[in-house]
Asks: 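The structure's right below; bear with me while I get my questions together.
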Amino acid sequence: MRTTSKMAYKDLVGSGSKDRQIDYIKRLLICAGKPLSSREIAKAINIETSSASGRINHMKQIGIVEEVEKKKCETTGRLVSFIQLVRGN
């Protein structure tokens, strides 16, 4: 990992943006009422797909979300994972 990436991550955590993004993702999944892909999440909350993936991976590690299925993305045509909130979160 590059030094600039580490610095950017520290800034993200320090500013509280990471926690806000996680909160937005949780709210979005509740409102959507269905599993979403990282691209759909990123588009809905206006962040980069890579940022959404980072937040989703963190949320998976701490048990907030889980992968529930893989299906073809309507945008890219690739097979992608869809996530949902773990019950109780």
Side-chain angles (χ1 to χ4, degrees):
M1 185 180 291
R2 293 184 179 185
T3 302
T4 52
S5 295
K6 289 178 184 176
M7 290 170 53
Y9 184 75
K10 276 185 166 181
D11 288 344
L12 178 70
V13 172
S15 71
S17 292
K18 180 181 172 189
D19 291 334
R20 276 194 303 276
Q21 289 174 353
I22 288 171
D23 189 50
Y24 293 154
I25 292 169
K26 285 171 70 173
R27 290 178 191 200
L28 176 62
L29 289 168
I30 290 167
C31 291
K34 65 176 186 173
L36 299 172
S37 70
S38 59
R39 184 177 298 271
E40 290 171 325
I41 291 168
K43 187 175 179 181
I45 64 171
N46 199 31
I47 62 174
E48 296 293 326
T49 304
S50 60
S51 296
S53 294
R55 300 302 81 73
I56 291 164
N57 286 334
H58 175 72
M59 293 169 77
K60 280 192 247 182
Q61 289 173 348
I62 60 175
I64 296 174
V65 297
E66 62 187 351
E67 288 183 17
V68 291
E69 62 184 322
K70 289 191 181 216
K71 62 183 181 180
K72 196 173 187 178
C73 175
E74 293 179 14
T75 304
T76 64
R78 295 180 181 166
L79 192 64
V80 297
S81 297
F82 283 72
I83 62 140
Q84 70 180 15
L85 288 173
V86 171
R87 290 197 185 270
N89 282 305

Asks: To the nearest 0.5 Å, how far apart are CZ in R39 and OG in S53?
Replies: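 Result: 9.0 Å between the selected atoms.
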Asks: Who else is in V80's hydrophobic cluster (ILVMFWY, side-chain heavy atoms under 4.5 Å, direct or via others)?
Replies: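 Via sub-4.5 Å side-chain contacts, V80 links to F82.
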Asks: Testing H58, R55, K26 one by one against I64 for a side-chain contact (heavy atoms from CB on, under 4.5 Å), which residue passes?
Replies: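 The single option meeting the side-chain contact (heavy atoms from CB on, under 4.5 Å) with I64 is K26.
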Asks: Which atoms form the tightest heavy-atom contact between L79 and K72, and what is the distance?
Replies: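 That closest heavy-atom pairing would be CD1-N, 4.0 Å.
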Asks: Examine I62 and V86 and state if one hydrophobic cluster contains both, with Ile, Leu, Val, Met, Phe, Trp and Tyr joined whenever side-chain heavy atoms are less than 4.5 Å apart.
Replies: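 No, I62 and V86 fall in different hydrophobic clusters.
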Asks: Near E69 CD, under 6.0 Å, is it more than 12 heavy atoms from other residues, nucleotides or ligands?
Replies: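 More than 12 within 6.0 Å, yes.
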Asks: Could you measure the distance from the OG atom of S17 to the CD1 atom of I22? Nearest 0.5 Å is fine.
Replies: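 It is 11.0 Å, given to the nearest 0.5 Å.
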Asks: Shortest non-hydrogen contact from S38 to A52?
Replies: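 Heavy atoms of S38 and A52 come nearest at O-CB, 3.8 Å.
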Asks: From the options D23, I30, L29, select the one residue that forms a side-chain contact (heavy atoms from CB on, under 4.5 Å) with R27.
Replies: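 By the side-chain contact (heavy atoms from CB on, under 4.5 Å) criterion, R27 pairs with just one of D23, I30, L29: D23.
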Asks: Can you name the residues that form a side-chain contact (heavy atoms from CB on, under 4.5 Å) with L28, not counting sequence neighbours?
Replies: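 Scan of L28 (side-chain contact (heavy atoms from CB on, under 4.5 Å), adjacent residues dropped) gives L36, I41, A44, I45.
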Asks: Looking at every non-hydrogen atom in both residues, tell me the closest pair between E40 and P35 and how far apart they are.
Replies: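 Taking every non-hydrogen atom into account, OE1-O, 4.4 Å.
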